[in-house]
Amino acid sequence: MARDAENRAQFQPEDHPNESFLLTSIVGSYPKPKWLNRVDELAEDDDSKFTGDHLHEAHDDACRLITEEHERAGLDTVVDGEMRRNEMVEFFAHRIDGYEFNGPVKVWGHNYFDKPSVVEKVEYDEPWLVDEFEFTDEVADRPVKVPITGPYTLAYWAFNEAYESKEELAYDLADLVNEEIEKLVEAGARYIQIDEPALATTPDDHAIVGECLERIVDGIPEEVRIGLHVCYGDYSRIYPELNDYPVDEVDLELCNGDYEQIDVFADGEFAPDLALGVVDAHDASVESVEEIEANIKQGLKVVPPEKLTISPDCGLKLLPREAAYEKMDNMVEAARNVEAGLDDGSIDVPVRDAAPADD
Amino acid sequence: MTERVATTTGLFPLPDWAKSELSELKGHQKHDLISGTEGSEVEAAYERVREEFIEDQRGAGLDRIVEGQGRWDDFLAHPLAVHDNVETGGIVRYYDNNNFYRDTKVVGDLTADGDVAAELDAATGLLDADEDLQAVLPGPYTLARLATDEYYGDEAEFLAAISEFLAAEVEAFPSHETLLLNEPSLVTDAPDEEFQERASQAIDAVADATDAEVVVQSYWGSYDEKTYAHLMDADVDALGFDFIAGDRDAHLYNINEYGTKESISLGLIDGQNTQVETVETVRDRLDWVPNQIPGQEFDTVYATPNTELAYLPVSKYREKLAVLGEAVAETEVSA
């Protein structure tokens, strides 16, 4: 069963201008400032005077910069843009005992990642994200969302040389993610997003993801908002099954496919909150405010406004930074406009109008 | 006596230098990918990639040399992705993998294009006189499943148009010893009753365009019985079976119930795992399969990875090629 998503209100800013509240957020990754890419290279160069401490400071600077950029765009919840992370699987695989690396592999076009191999039982060592969260939380005026790559993706987007099955590996990893979330919650985190893009790869495994999520949320208090992000797949193969997931919110890429798949979810029974992708993460042309407003209205076919979160389709890291910023800026403006339209009754809520009267 | 041939299903991982060089030259977005009209710097980089792929295969002692398809940004959808009458749209998932290609929308006549022939011409120029070229294409059914038809408006007509398009490509190929058609969709997304025969006829039409040996390779599963029975009517030299991710009992059932072609292709090396098989394991697999098919002496047994190799890091791809070459060479000696 979906968790009780009453924990949304804590993210509404005190000076929120409208009666309606569409929670705005981003999925996680964001283009790095160019100088950060340069210092990453410097830090890898043994001949350079640039040390690990210098790199840490550079990461701090970048996190501060991007967190503040998110706040300037007006997002209700912010992320540090994953400035410290190189890639969503690699980053965690470096922190979990049991993985090794053999070189980059292709994802699509000229986008690659260092797909790791699991060569022995995975174990929790040092905390993965607590320092990163504490820093961003200190810098930010707005609440901070923490994206964590989910155990299913950590298992399925690695080569498995050690476990009988990837399912067993995923469950072991889910226990580690749970341990990490406990530490994050202790540090003050209230919004966690589990990224499971691999679910779209192998949608018939939705029950394995469900079992992973059960392990992940075990013992996590209800005031902590738990989201799940899925992207680039045939959603008819995971819906309505995802209604049973123990999460508050499901974040979906739908803009890239021009909302062709929105009807999959528009049965009036969508259980968690919907975080709707309203800007394309792989197209540098910036959607206009009007276009994004139309996209947001697509979400109202699935959930009423009080269950609708607005976000980009996916991580924005591959976009030029200006495009990423303008997309967010327009996205927030569009969300506020739609809220105003909802308040004055000029925007309909199809899912509510279509809902059968049950009283 | 059975000839054993070490070869691959193509689509190699770009060398690491080419990954960075080409992403610098081309970019990371949808519209930056290959269009068939690349500039001279990009072309030169791919030429070096091709040389390296051929050297990799030579070093591993493979019996058939493929071009390696470094330019195939869109995996098996490539021949359409570069076609003038095809538009590339949003990125879509490539089978059940963490890989994507651009939605290839056919919006006009699938006229002969010659993109693949040009690659093979270039590869031929790099081969020694005693080296044999293997051409690799998607099978027509697979290519039709990967694409979106916005022009023909009829599934049967679309499949026929794709097979004519591929046949025209093949006619433009330089001399090749083998044509390998990758047909994963035949098993992952098996044709319904109406299309089982059509899929087989479409393959036949492509195979007709060459005098070379034709291998139809499926992977990620096994043929359903009726698809297989119809496929046996296609005039090809070998059907390929994935003995890693496919169901070996289902393969053997089909083979023993319906027979198979005079040659056979066996996917014996895992193209999607970094764990490198030992030479002994591959040799055992290579001996084991024919032993399960009593009463048939094959003309040729092709030993291949079960899938394309672009899923692997370069170091592991090279190790696997070496194991494949060595395992086949050893069995040749012992046979």
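For B:E280, the CD atom counts as loosely surrounded, since its 6.0 Å shell holds 12 or fewer non-hydrogen atoms of other residues, nucleotides or ligands. Remark: B:R248 CZ is loosely packed, at most 12 non-hydrogen atoms of other residues, nucleotides or ligands lying under 6.0 Å away. For B:E24, the CD atom counts as loosely surrounded, since its 6.0 Å shell holds 12 or fewer non-hydrogen atoms of other residues, nucleotides or ligands. Shown here is B:E41, whose CD atom has no more than 12 heavy atoms of other residues, nucleotides or ligands within 6.0 Å.
The parts of B:N98 that come within reach of chain A are both its backbone and its side chain, each placing non-hydrogen atoms under 4.5 angstrom from that chain. Neither the backbone nor the side chain of B:I34 comes within less than 4.5 Å of any heavy atom of chain A. For A:C255, no part sits under 4.5 Å from any heavy atom of chain B, backbone or side chain. Proximity to chain A involves both the backbone and the side chain of B:I91, based on heavy atoms less than 4.5 angstrom apart. Proximity to chain B (any heavy atom under 4.5 Å) is restricted, for A:D280, to the side chain, taken from C-beta onward.
Your options are A:Y112, A:F113, A:Y156, and the one with the most heavy-atom pairs under 4.5 Å with chain B is A:Y112. For chain B, the option among A:G257, A:P203, A:A200 with the highest count of heavy-atom pairs below 4.5 Å is A:A200.
A donor-acceptor pair is defined here as one N or O able to donate and one able to accept, closer than 3.5 Å; such a pair exists between the side chain of B:K19 and the backbone of A:P104. For the pair B:N99 (side chain) and A:W108 (backbone), a donor-acceptor distance under 3.5 Å is absent.
When all heavy atoms are compared, the tightest approach of B:P313 to A:G103 is CB-O, 3.7 Å.
Here the straight-line distance linking atom CZ of B:F100 with atom OH of A:Y232 works out to 7.5 Å at 0.5 Å rounding. Atoms CZ and OG1, from A:F101 and B:T274 in turn, are 11.5 Å apart once rounded to the nearest 0.5 Å. Taking CG of A:N111 as the start and CG of B:D73 as the end, the distance is 10.0 Å to the nearest 0.5 Å. Taking CD of B:Q275 as the start and OG of A:S117 as the end, the distance is 9.0 Å to the nearest 0.5 Å. Remark: A:H110 NE2 to B:L14 CG distance equals 6.5 Å, nearest 0.5 Å.
Of residues 158-171 of chain A, those residues lying under 4.5 Å from chain B by any heavy-atom pair are A:F159, A:N160, A:E161.
Cation-pi contact between A:K106 and B:F75: present, with separation from the ring centre below 6.0 Å and deviation from the ring axis of at most 45°.
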